[in-house]
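Quick notes on the structure that follows.
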Amino acid sequence: MKVEKNKVVALSYTLVVDGAVADSASAEKPLEYIHGTGMLLPRFEEEVAGKEPGEEYAFTLSPEEGYGVHNPQQVIDIPLAAFMIDGEVRRDLLVIGHTIPMMNQDGHVLQGTVAAVKEDSVSMDFNHPMAGKTLNFSGKVVSVREATEKELTEGLHGEYLPRKEGCCKE
């Protein structure tokens, strides 16, 4: 069976960024997803489409095909007071490179990375951690099967189900 829309696909892969392994999934614990439903980068799905179990793949995605170019406008200075809990600034959280979930004015949770800690503000980078990076993928198609109606309706891992009020997972 070939990788195509609405098939459940299991992949092993290695992602190399800047000469180092950034992420991977083994054949024993593969990445599983429903092909063609927008769960993975569009160009990634294009590269594995039509492949069958046992077939290997290797391709490179430019920043534009991956997570976009780094946007300096997504680096924002936030007053130090925003990091205050119970009257004290949580300096233990303010470590360069540390990712902190933050809420925007619309109530959405965004992941921000501490870029710099200044005297009265913190520079937070809201770009995707892989923005501006060239992504080098290689791996193998482990399996391909038909998705069930339930999986097509609810998602492979329940990701299409409505979220309960108060849930903070984004």
Side-chain angles (χ1 to χ4, degrees), residues 1-71 74-75 93 95-104 107-115 124-170:
M1 185 175 294
K2 292 181 186 251
V3 174
E4 56 188 32
K5 185 165 177 59
N6 292 336
K7 301 283 193 238
V8 175
V9 179
L11 302 171
S12 65
Y13 73 90
T14 301
L15 168 60
V16 175
V17 177
D18 296 333
V21 174
D23 196 14
S24 65
S26 67
E28 297 75 35
K29 290 188 177 183
L31 166 69
E32 292 183 296
Y33 71 102
I34 301 173
H35 193 80
T37 59
M39 296 305 290
L40 300 182
L41 293 168
R43 184 70 204 300
F44 185 104
E45 288 199 16
E46 286 174 26
E47 289 289 340
V48 298
K51 298 206 178 308
E52 294 183 6
E55 278 191 69
E56 294 184 357
Y57 58 87
F59 55 89
T60 299
L61 301 184
S62 68
E64 294 81 4
E65 296 167 321
Y67 293 97
V69 295
H70 188 270
N71 181 351
Q74 298 253 351
V75 181
L93 297 176
V95 176
I96 294 174
H98 189 210
T99 301
I100 302 172
M102 302 192 76
M103 194 173 296
N104 68 9
H108 294 105
V109 176
L110 304 173
Q111 299 298 323
T113 302
V114 177
M124 296 294 294
D125 186 346
F126 291 99
N127 284 285
H128 188 282
M130 292 290 170
K133 305 284 185 181
T134 298
L135 311 175
N136 300 286
F137 287 97
S138 61
K140 185 185 271 190
V141 177
V142 175
S143 65
V144 180
R145 67 170 174 81
E146 295 288 343
T148 65
E149 283 303 316
K150 182 177 180 179
E151 289 170 334
L152 291 173
T153 303
E154 297 180 5
L156 194 58
H157 307 288
E159 59 269 22
Y160 304 154
L161 293 173
R163 296 175 195 259
K164 291 186 172 59
E165 208 50 44
C167 178
C168 56
K169 284 190 172 182
E170 268 300 300

Seminar exercise, completed: Scanning both residues in full, the closest heavy-atom pair of E52 with V141 reads O-CB, 3.5 Å

Exercise. Considering only heavy atoms from C-beta outward, does the side chain of V144 approach that of K51 to under 4.5 Å?
Worked result: no

Exercise. Taking all atoms of both residues into account, what is the closest heavy-atom pair of M102 and F126, and its distance?
Worked result: SD-CZ, 3.9 Å

Exercise. Can you tell if the side chain of P63 reaches within under 4.5 Å of the side chain of T134, non-hydrogen atoms only?
Worked result: yes

Problem set entry | Separation between NZ of K5 and CD1 of I34, rounded to the nearest 0.5 Å | 9.5 Å

Seminar exercise, completed: Separation between OG1 (T99) and CD (Q111), nearest 0.5 Å, reads 6.5 Å

For this session: Answer yes or no: is there a side-chain heavy-atom contact under 4.5 Å between N6 and H35?
Result: no

For this session: May I have the step-by-step check of side chain to side chain contact (heavy atoms under 4.5 Å, CB included) for V95 and V114, ending in yes or no?
Result: CA-CA 6 Å; V95 176; V114 177; over 6 Å; no

Exercise. What's the spacing between S24 OG and K29 NZ if we round to 0.5 Å?
Worked result: 11.5 Å

Problem set entry | Pairwise distance CD(Q74) to CE(M124) - rounded to 0.5 angstrom | 12.5 Å

Exercise. Taking the side chain as C-beta and beyond, is there a heavy-atom pair between L41 and L135 under 4.5 Å?
Worked result: yes

Exercise. Do L11 and Y57 have side chains that get closer than 4.5 Å, going by heavy atoms?
Worked result: yes

Exercise. Which heavy atom of L31 sits nearest a heavy atom of A25, and at what distance?
Worked result: N-CB, 3.8 Å

Exercise. Rounded to the nearest 0.5 Å, what separation is found between the CG atom of D125 and the CD1 atom of I96?
Worked result: 12.0 Å

Exercise. Does a side-chain heavy-atom distance below 4.5 Å link V142 with E32?
Worked result: no

Exercise. Where is the tightest heavy-atom contact between A27 and S12, given as atom of each residue plus distance?
Worked result: N-CB, 3.7 Å

Problem set entry | Nearest atoms (heavy-atom pairs only) where N127 meets V69 | OD1-O, 4.2 Å

Exercise. So which heavy atom on L61 is nearest to which on E65, and how close?
Worked result: CA-OE1, 3.4 Å

For this session: Using the side-chain hydrogen bond (donor to acceptor under 3.5 Å, both in side chains) rule, take Y13 and D23 through it: C-alpha gap first, then chi angles, then the decisive distance, then the call.
Result: CA-CA 8 Å; Y13 73 90; D23 196 14; 2.6 Å; yes

Exercise. Given the rule in the side chain to side chain contact (heavy atoms under 4.5 Å, CB included) test, do D18 and K133 qualify, once you have shown the distances and angles that lead to the verdict?
Worked result: CA-CA 8 Å; D18 296 333; K133 305 284 185 181; 2.9 Å; yes

Problem set entry | Sidechain N-carboxylate O distance under 4.0 Å for E55, K140 | no

Exercise. Are the side chains of R145 and E151 in touch, meaning some heavy atoms are under 4.5 Å apart?
Worked result: yes

